[in-house]
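See below for the structure under consideration.
Everything quoted here is computed from the prediction, not taken from an experiment.
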Amino acid sequence: MTPPTDRPLADRFTRSGDEAAFRELYRRHVDRVHRLVARILGPRGDVEDAVQEVFFQVHRSLDRFRGDSGFATWLHRLAVNVTTSVLRHGLRGPPEPGLREPDADPGEQIEAR
């Protein structure tokens with residue numbers, strides 16, 4: 001039996017916002033993405049958060065999946081890009097001007113905002 005392709009699910013989500021289709025894509029791929037992210041990040045505590053960020057980005061940008069490659073290939077590249085960004089900048093991206101440095105007083109952070 002041939003496994004079902006992900007393209008119809010991606011199309012259903014992008015055309016009509018079918019959240020059930022997105023959940024099915026998530027179910028099919030979350031374990032593989034988790035293993036990839038864990039390999040890249042190593043023994044850090046933010047693996048779960050990074051996986052969540054990957055799927056947030058999938059949700060946001062699935063309309064850009066053209067189908068030139070398989071969905072799993074596209075997802076793999078996106079997961080690598082997101083995880084590499086997490087290594088460089090953390091989950092929130094590069095620091096914004098005026099926000100506290102990691103070792104600053106928490107009160108200073110509130111004042112900076």
Distance-minimising heavy-atom pair for [X] and [Y]:
X	Y	answer
Ala50	Val82	O-CG1, 4.3 Å
Asp46	Val86	OD2-CG1, 3.8 Å
Val54	Leu78	O-CD2, 3.6 Å

All side chain to side chain donor-acceptor pair (under 3.5 Å) counterparts of Arg32, not counting sequence neighbours: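 Testing Arg32 for side chain to side chain donor-acceptor pair (under 3.5 Å), a comparison that skips the adjacent residues, returns His29.
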Once side chain to side chain donor-acceptor pair (under 3.5 Å) is applied, do any residues pair with Gln57, and if so which ones, sequence neighbours excluded?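 With sequence neighbours excluded, Gln57 shows a side chain to side chain donor-acceptor pair (under 3.5 Å) to Glu53, given in chain and number order.
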Would you please name every residue forming a salt bridge (Lys or Arg N to Asp or Glu O under 4.0 Å) with Glu24, sequence neighbours left out?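 So Glu24 forms a salt bridge (Lys or Arg N to Asp or Glu O under 4.0 Å) with Arg27, Arg28.
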For Ala38, what residues pass the side-chain contact (heavy atoms from CB on, under 4.5 Å) criterion, not counting sequence neighbours?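 Testing Ala38 for side-chain contact (heavy atoms from CB on, under 4.5 Å), a comparison that skips the adjacent residues, returns Val47.
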For the side chain of Thr83 and the backbone of Ala79, is there at least one donor-acceptor N/O pair under 3.5 Å apart? yes
Going by the angle between their ring planes, with limits at 30° and 60°, are Trp74 and Phe65 parallel, tilted or perpendicular?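 Rings of Trp74 and Phe65: tilted, 30 to 60°.
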How long is the gap from CG on Leu25 to CG on Leu75, to the nearest 0.5 Å? 8.5 Å
Nearest-0.5 Å distance that lies between atom OG1 in Thr5 and atom CZ in Phe71: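 Atom-to-atom, Thr5:OG1 and Phe71:CZ are 11.0 Å apart.
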Scan residues 32-58 for pairs that pass ring-ring contact (aromatic ring centres under 6.0 Å, His included), counting only residues two or more places apart or in two chains. Tyr26-Phe55
Tell me the salt bridge (Lys or Arg N to Asp or Glu O under 4.0 Å) pairs involving residues 8-20, sequence neighbours left out?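 Sorted pair list: Arg7-Asp11, Arg12-Asp18.
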Sequence neighbours excluded, every pair satisfying salt bridge (Lys or Arg N to Asp or Glu O under 4.0 Å) that has a member inside residues 64-82: Arg66-Asp68
Does the side-chain contact (heavy atoms from CB on, under 4.5 Å) test come out yes or no for Val58 and Phe22, once each step is laid out? CA-CA 9 Å; Val58 169; Phe22 183 81; 3.7 Å; yes
